[in-house]
Structures are given as structure tokens and as C-alpha cells.
Amino acid sequence: MRRPVIAANWKMHKSSEEAEAFLRIFVPLWTDRRVEVVICPSFVSLERVAQAAGEIGLAVGAQDVYWEAQGAFTGEVSADMLVRAGCSYVIVGHSERRKIFNELDTDVGKKAQATLIHGLSPVICVGETMDERKAGLTGEVVERQLRQAVRSVERVEASRLVIAYEPVWAIGTGVTATPADAALVAREIRSLLDRLLGPGAGEEVRVQYGGSVKASNIAGFMESLEVDGALVGGASLDPAQFADLVNNSLSLREKE
Ligand code: 13P
């Protein structure tokens, strides 16, 4: 069985002090420990969040990484630095990085590779824009992005991958994909990974849905066993709201 995983992508929000204040409120409210929770703060808060998180069973992730080990790359952070700061996950290929910072599919592949080499798990983001969706290109776009992202991934590394299906049009808009669409794309991602990495790889990978996930809609997405969790932006910033989201996430599975 794959352990469900919900990640908080705080984007460019919260100072270290605010991050600590979040944890003080969130931790006692987080009751469903079947779900793995990953907090992804800004680079400058990683170490402080990791120090607090280790003792309470929270995992910590970075929002980006650079693939080189070290050198003259002003402003960049290496995978080794992230390991030493206490990370176990790294978000790679978020649509905001692709769009605002011109990240290419091939960059995402190099980042995923650097992440895995250092023992970290990449959370690889894929997803189509509204124009691509309207043109019926969802499958094609996800396939192109994923193909490059896992180009250097070995079959044995499959169980360490997290793939976040985040339709760009659903991010921060209050509009979500339907649970059925999310489950369908998750299934397509698994069958593509079987083809790219080898038979059985898709079953080992955890696939998240992302895009306007909230406490009130998470259970619908995770009712399907295809959807192993969520990548959450806005609704992860408030500790009580995020605790509700995590604690509600498996409520519809339990009814079956
Ligand atoms: P929202 O949850 O704010 O829509 O953001 C989703 C996202 O981009 C997570 O990475």
C-alpha cells in the first residue's frame, strides 16, 4: 500500500518566525497520522522548520533545487545543501517556475535526477494550461513533461517518486478538476511510468492532485485509490485549515 502524502507548498509566504508559529498550532491539531505531511517553506526557513519537524514526524521539502553540486551559480541551492538543511523532498517543475522563470522540461529532468542522487524524493509537477485542455492536449502535455522529468530515473527509484498532477488553470483559482478527471490522469501517469521505467513502476509511485484543494474538497479527490494525496498552496497557509484538510482527507475512503 502507498502511504498517502499531502504537501504544503507555501510558495513565497511566511518568515521563519511565522513558520514556527504555524507548527505550534498545526501539530496538536493533526490527528490522522496515516497521512504523511510534508511542509515546503522558503529556503531560508528550511533549517528551522526541519529542526522542529523531525521530533513530531513531519517531513520537510524545498520548493526548488539546482542540479549542479556547487560553483558559480548565484542565487541557486544544491541538493546536498537541502539534505544538510533537513529536507527529504523537493518540489520540481512547478508551473510557476516553468512559466515565470522559464524552466524547461529538460531542466526539470536534471533537477529530478540531482534530487534522487542525493537521496531526496522529487515531487514532480505536471499539468496542462486551460488552452491546452480546451484543445484536448492534456494527455499529450502530461506525457511530454513526464517523459523528460524521468529521463534519468532508474526503475529502482520509482518508489521514491511523487508526481503532482496540477492543472495550471486550477492553481489559485478556486476552480478544480473533477475527482474523476484527477483519478483518470493519475491512472494515465501510472501507465506511462510503466512504459518509461518498467512494468510495475506506476503502482509504486505516489500521485497527488493539486489545484485549489481545500478541507472541503480533499476527500473527494482522495476517495479514488488512484490519488495518493495532494499538493496544496493557499489552503496550507492557515494551520487550522490545513489540519482539517489533512484530517478529512481519508474520510470518504473509510466509508467503503
Ligand atoms: P493552490 O492550492 O493555491 O491552488 O495552489 C496549488 C499549488 O500550486 C500547489 O503547488
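Just so it is clear, the model here is predicted, and its values are computed rather than measured. FYI, the numbering just counts along the sequence from 1. Just so you know, ligand 1 is whichever comes first in the structure, and atom 1 is the first atom listed for that ligand.
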Mind checking whether Ala170 contacts ligand 1 via backbone (N, CA, C, O), side chain (CB onward), both or neither, at a 4.0 Å heavy-atom cut-off? backbone
Lys/Arg N to Asp/Glu carboxylate O, Arg133 vs Asp181, below 4.0 Å: yes
Could you see which bit of Asn9 sits under 4.0 Å from ligand 1, with heavy atoms only: side chain, backbone, both or neither? side chain
Note: ligand 1 atoms sitting under 4.0 Å from heavy atoms of Glu166 are 6 (C), 7 (C), 8 (O), 9 (C), 10 (O)
Contact between Lys214 and ligand 1, counting heavy atoms under 4.0 Å? no
Assert yes or no for the condition that the ring centre distance of Trp30 to Phe242 is strictly below 6.0 Å. no
Is the positively charged end of Lys111 above the ring of Trp67, judged by distance under 6.0 angstrom from the centroid and angle within 45° of the axis? no
Taking NZ, NE, NH1 and NH2 as the nitrogens, is one of them in Arg98 or Asp105 under 4.0 Å from a carboxylate oxygen of the other? yes
What I want to find out is whether Glu204 reaches Arg160 closely enough, with some N-O distance under 4.0 Å, to be called a salt bridge. no
Atom indices of ligand 1 within 4.0 angstrom of Gly233 heavy atoms, with elements: 1 (P), 2 (O), 3 (O), 5 (O), 6 (C), 9 (C)
Are side-chain N/O atoms of Glu128 and Tyr165 paired as donor and acceptor at under 3.5 Å? yes
Between Arg190 and Glu226, is the closest basic N to carboxylate O distance under 4.0 Å? yes
I'd like to know whether CZ of Arg84 has more than 12 heavy-atom contacts from other residues, nucleotides or ligands below 6.0 angstrom. no
Take every heavy atom of Gly172, measure it against each atom of ligand 1, and state whether any distance is under 4.0 Å. yes
Counting from 1, what ligand 1 atoms have a heavy atom of Leu231 closer than 4.0 Å? 9 (C), 10 (O)
Is the shortest N/O to N/O distance between Lys11 and ligand 1 below 3.5 Å? yes
Per-atom contacts, ligand 1 versus Gly234 - under 4.0 Å to a heavy atom: 1 (P), 2 (O), 3 (O)
Is Gly210 close enough to touch ligand 1? Criterion: a residue heavy atom under 4.0 Å from a ligand atom. no
Show me which atoms of ligand 1 lie under 4.0 Å from any heavy atom of Ser212. 1 (P), 2 (O), 4 (O)
